[in-house]
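Comments concern the structure below.
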Amino acid sequence: MYYVIRFLADNPGVWLFYCHIDWHMMQGLAMTFIEAPRELQDNLVIPDDHIKVCEAAGVPYQGNAAANTEDCRNLKGENKPPGFIPAGFTAPGIAALVFSCICPIMGMVAISIYGMSGLKSPVRKPGFR
């Protein structure tokens, strides 16, 4: 199974295409589009303070995803994504499900009570319109 997306590629950059739900991203529903990589290499200037932050943190800033500057196809040592989510129900998942069901019910009850309570008319002073 596959999905084809067609879009106008007229904005050079590195763009993340992702789902906003964390566990979907952990399952691989995220990808990076690199639009016009040659144009980026020719025109992109990384500020010195960005490089200093990487150096201070010990994060490589040159080469490919594995910091390999000799062979861009050699990804030995690259960062690995987190593992798959465990199968079945977990305690945090059950708690999230329970509270995500209770909260809207509580909200509807509160709105219903407020709606059935009746509005009191303000007391108007004589001669006041």
Results of side-chain contact (heavy atoms from CB on, under 4.5 Å) for I34 - residues two or more places apart only: V14, T32, P37, L40
For M31, all residues meeting side-chain contact (heavy atoms from CB on, under 4.5 Å), sequence neighbours excluded: F17, F33
Co-members of Y2 in a cluster of I, L, V, M, F, W and Y side chains, linked at under 4.5 Å: V4
Members sharing V98's hydrophobic cluster (side chains within less than 4.5 Å): F89, I94, I102, M106
Contacts of H20 that satisfy ring pair (Phe, Tyr, Trp, His ring centres under 6.0 Å) - sequence neighbours left out: Y18
Y114: ring pair (Phe, Tyr, Trp, His ring centres under 6.0 Å) partners, not counting sequence neighbours: none
Minimum heavy-atom distance between W15 and N11, given as atom pair plus value: NE1-O, 2.9 Å
Selection residues 30-39 - residue pairs positive for salt bridge (Lys or Arg N to Asp or Glu O under 4.0 Å), sequence neighbours left out: none
Sequence neighbours excluded - salt bridge (Lys or Arg N to Asp or Glu O under 4.0 Å) pairs with any residue from residues 61-74: D71-R73
Residues in salt bridge (Lys or Arg N to Asp or Glu O under 4.0 Å) contact with R6, at least two apart in sequence or another chain: none
Listing, residues 47-66 side-chain donor-acceptor contacts under 3.5 Å, not counting sequence neighbours, or none:
{"unit_1": "E55", "atom_1": "OE2", "unit_2": "Y61", "atom_2": "OH", "d": "3.2"}
{"unit_1": "N64", "atom_1": "OD1", "unit_2": "A66", "atom_2": "N", "d": "2.9"}
{"unit_1": "N64", "atom_1": "OD1", "unit_2": "A67", "atom_2": "N", "d": "3.2"}
{"unit_1": "N64", "atom_1": "OD1", "unit_2": "N68", "atom_2": "N", "d": "2.9"}
{"unit_1": "N64", "atom_1": "ND2", "unit_2": "C72", "atom_2": "O", "d": "2.9"}
{"unit_1": "N64", "atom_1": "ND2", "unit_2": "N74", "atom_2": "O", "d": "2.9"}

